[in-house]
Amino acid sequence: MGIKYNETNRIFKLDTPKSTYMFGIVDEENFVGHMYYGRRIKDEDLSYLMRNPSVLPSKSNRDRVNFLDSLPMEYSTHGIGDFRESCLSVKTADGHSACSLSYVSHVIYKGKKVLEGLPATFGNEEECTSLELVCEDKVLKLRIILTYTVFEKLDAITRSVKIINASEEPIYLTKVLTTCVDMDNKEYDMITLYGQWAKERMINRRKITDGKNLINSLRGVSSHQEQPFIAVLDHNAKEEQGEVYGFNLVYSGNFMAQAEITHLDMLRVTLGINPVDFCWKLDKGAAFTAPEAVLVYSSEGIGAMTRTFHDLYRSHLIRGGYKDKKRPILINNWEATYFDFDTDKLLDIAREAKKLGIEMLVMDDGWFGDRKDDNTSLGDWFVNENKLKGGLSYLVQEVNKIGLKFGLWVEPEMVSPDSELFRAHPDWAIQIPGRSGALARNQLVLDISRKEVREGIYESIHKVLSESNIEYVKWDMNRALTDLGSVSLSGDTQGELYHRYVLGMYELQDKLTRDFPHILLENCSSGGGRFDPGMLYYSPQIWTSDNTDAIDRLKIQEGTALIYPLSSMGAHIADCPSHSNGRITPLSTRGYVALAGTFGYELDVTKIPEADRNLIPEQVAMYHKYNDLVREGDYFRIASYQENNEYDCYSVVSKDKKEALVTFIQVSARPGFI
Ligand code: DGJ
C-alpha cells in the first residue's frame, strides 16, 4: 500500500486498500498525464494505460496531433491547447494568461504535513503516506507543487496545490483549482447536494450530459444551495454496488465542482475555489496554497463511499476534546423564547431541564447590546443588563448551581449598522465606496480579511468567554457576502477578498479553539449554510438546518449524512406544532429523529404538555444508551425518504458488528388492502 514510483516507466502509483490512482510523466517536456483511478490493480507495467494513441514519445507525433487537448491531464493549465476546464490560469505583467506544467522532482514521505492557514485532514506516519510532486512553468518561473496523501486503511486520497512565484515580477493567479481527474466517459451519473434555507442537502442524482455540468457557490460561504461535493458514479450504482467516486473540498467559501464530458468521449472532474471574482497577486517569492480536496473511491456502491467519508472525517479531520466523546445534551432557548427572555425565564427553563436529565443550557441570539430583534447590535458583544439582571456571570453561575453547563450564541463576523461598533468603525464593514450595499437580516459583514478587524472583534469575544464559565459556543453567520470591497486592498488585489475572508474566519476559529480548548464549538450559518469539511476541522458539530420539523429533518439529515458523520449533525427535538411548518409530530418521533445527530432540545420545557415532559427522561436514557453506537458506528441507508416520500429507514452498526440500531419512521400511510 502507499505510494510507489517506477523510475523506468516514470509512473506514480498510489494505492489504498481497494483503490489505485496512477499518473506518469510523458513526453520530453515532462508533462504529467493522468492514467487511472479506480479499483485496486497490481504492480505491473501499466504504461499502456496512458491510453490516448496520440501520446507517443515523439515530438513529431505530438506536433501533428492535438496532443494537449487529448492527453488525460493530472493538473490542467490554461492557454496551451487543452481546451477542457483548466485548473490553473494566470495573468502576467504583459497580460499573458497561458501557463504550463512540467515535472521537475518529487519526494515521498510517511505522514502528512499541515496546510498552513487552511483546514485539512491529518494523519501520522503509520496512517498515511504523502507525495509532493514539484513541477514548474519555465517561462513564468512558477513552481507548482502537487501534494497527494494516501490513507493506509481508507479508500481516500487527498490532494492540494501550492504555487510559488520564483520570478522577479508579481504574477496574478486568476484560477487555482485543486483537483482535476480525467477518466473515460462511461455514461456516468453524478450526485450533488443542492438546497435552500431550511431545506439543505437534497440529493440530486442525474445523468452527466455533454459539456459542462457545473455546481458552484459565489455567496462567500459554501452555502445552503450547493455543497462543495460531487460524486461521479456508474449509472447502475446503488447503495451496495457499483463504482462511485466522491470529491469533497475542505473549504468554506466560494467553490466550483464540475463534471465535463469532453471531446474524445472523456470525462474531466474538477474541483476548487470558484475562479469568478478571484484574482490573487503573487509577489516575487510568495506562495499560494489552494484548499485540500478529498477523493473517495468505492467499488461497492454509494454506501461504502458514505462510510469512508464518515471514517475519514471522524478520525482525520475533526479535532478537539469532544472529537470522540458524547456531547452534553443541550437545551437551546431560540425556539423557546426567540428574543424575548430574561434571567428568570432562562433559569426556569434550566431548572426544569435539569429535572429531566438535560445537561446544558444554551443562550441563543439576543443577550447583547440593545438587541430586541434582529435589527441591531451585532458587534456589541457586551451583555444587555436590562434582560440579564446581574449580568452574564451571574446567570452562568446560577445555571451551574442548578447543575447545568452553560453555552452561548455569537455571530462574530457581522455588524449591525445600528450598533456601537459600526458607529465607531464604519470602515470595518465589507463595502464598495459610494454604493449602498445590500443588507440582509439588516446586517453587514465585517471585513475580517483585515488584521485589525479580526483583532478587535476577537478581543471582545475573548473577554465574554473568559469572564464566565462558558463551555459551549454556537458560532452563527446569518448572511452571504455581497458588494465586495475592502479598504485595505488595492485595485489589483480586491480579487483576493473572498478568499482572504475565509482565511480570516479560519484564523479566528483557530484562535478560539486554541485559547478555549475546553469549549465545545458548534458552527452554524442560518441553519446549515456552512456545513462543510472546512468547518468540521474547527467544530466537531454543525447546526444542520433551521428547519427543526422532525419529518423534514429526515430528508435534510439523510442528505447531510451522505458525506458527513452523524456525530457532526446538530439535531434537536423542537416544539410542536413545528415552528418551521406547523406540522404536528409526536415527541417520541421527534426523539428518534434527533437521535441520529448530536441530540438536544429546542423548546420551552416549562410549557410543554405534562405527558411530553414525562417522556423526556426516557429519551435522555435512550441517548445515553445509543450515542456511542451512533457516533462511532457504520451508517447504512436502508430506505431513502428523499426518494420514496413515504418512510425512512437507516441503521448504525458497531464496528465489531455486535450491535445495531435500526430507525424506521413511517411518514405517510398507504390505504390498507382488505
Ligand atoms: C440562525 C440559527 O440557525 C438559529 O438557530 C438561531 O441561532 C438564529 N440564527 C438566531 O438569530
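Basis for what follows: all heavy atoms, side chains included, without hydrogens, waters or symmetry-related copies. Keep in mind the model is a prediction, meaning the values are calculated, not measured. Whatever order the structure lists ligands and atoms in, that order sets their numbers, starting from 1.
- Here the rule is side-chain contact (heavy atoms from CB on, under 4.5 Å) with Tyr564, and of Thr306, Thr544, Leu536, Ile318 only Leu536 fits it.
- Nearest to atom 8 (C) of ligand 1 by heavy-atom distance, out of Trp197, Trp334, Trp543, is Trp334.
- Ion pairing of Arg613 with Glu610 is present here, as a side-chain N (NZ or NE/NH1/NH2) and a carboxylate O approach within less than 4.0 Å.
- Heavy-atom proximity to Cys524, at under 4.0 Å, picks out these atoms of ligand 1: 2 (C), 3 (O).
- Considering backbone and side-chain N/O atoms, Asp364 comes within less than 3.5 Å of an N/O atom of ligand 1.
- Within ligand 1, the atoms closer than 4.0 Å to a non-hydrogen atom of Trp409 are 7 (O), 10 (C), 11 (O), numbered from 1 in the order shown.
- At a 4.0 Å heavy-atom cut-off, ligand 1 touches Asn478 through the side chain alone.
- No hydrogens or angles considered: a donor-acceptor pair under 3.5 Å links the side chains of Ser486 and Asp447.
- Close approach of ligand 1 to Asp476 (heavy-atom distance below 4.0 Å) involves ligand atoms 1 (C), 2 (C), 6 (C), 7 (O), 8 (C), 9 (N), 10 (C).
- Proximity to Lys474 (heavy-atom distance under 4.0 Å) selects the following atoms of ligand 1: 4 (C), 5 (O), 6 (C), 7 (O).
- For Phe278 and Tyr498, the distance between ring centers is not under 6.0 angstrom.
- In this structure, Trp428 CH2 and Phe422 CZ are separated by 12.5 Å, a value rounded to the nearest 0.5 Å.
- Residue contacts with ligand 1 include Arg441, since one of its heavy atoms falls under 4.0 Å from the ligand.
- When ring centroids are compared, Trp334 and Phe339 come within the 6.0 Å threshold.
- Below 30°, between 30° and 60°, or above 60°: for Phe516 and His462 the angle between ring planes is between 30° and 60°, a tilted geometry.
- Side chain to side chain, Ser252 and Ser222 fail the donor-acceptor criterion of an N or O pair below 3.5 Å.
- Considering backbone and side-chain N/O of Asp546, one or more are found under 3.5 Å from N/O of ligand 1.
- The shortest N/O to N/O separation between Phe339 and ligand 1 does not fall below 3.5 Å.
- Atoms of ligand 1 lying under 4.0 Å from at least one heavy atom of Asp365, given by number and element, are 10 (C), 11 (O).
- The residue Ser525 has no part lying near ligand 1, judged by heavy-atom distances below 4.0 Å.
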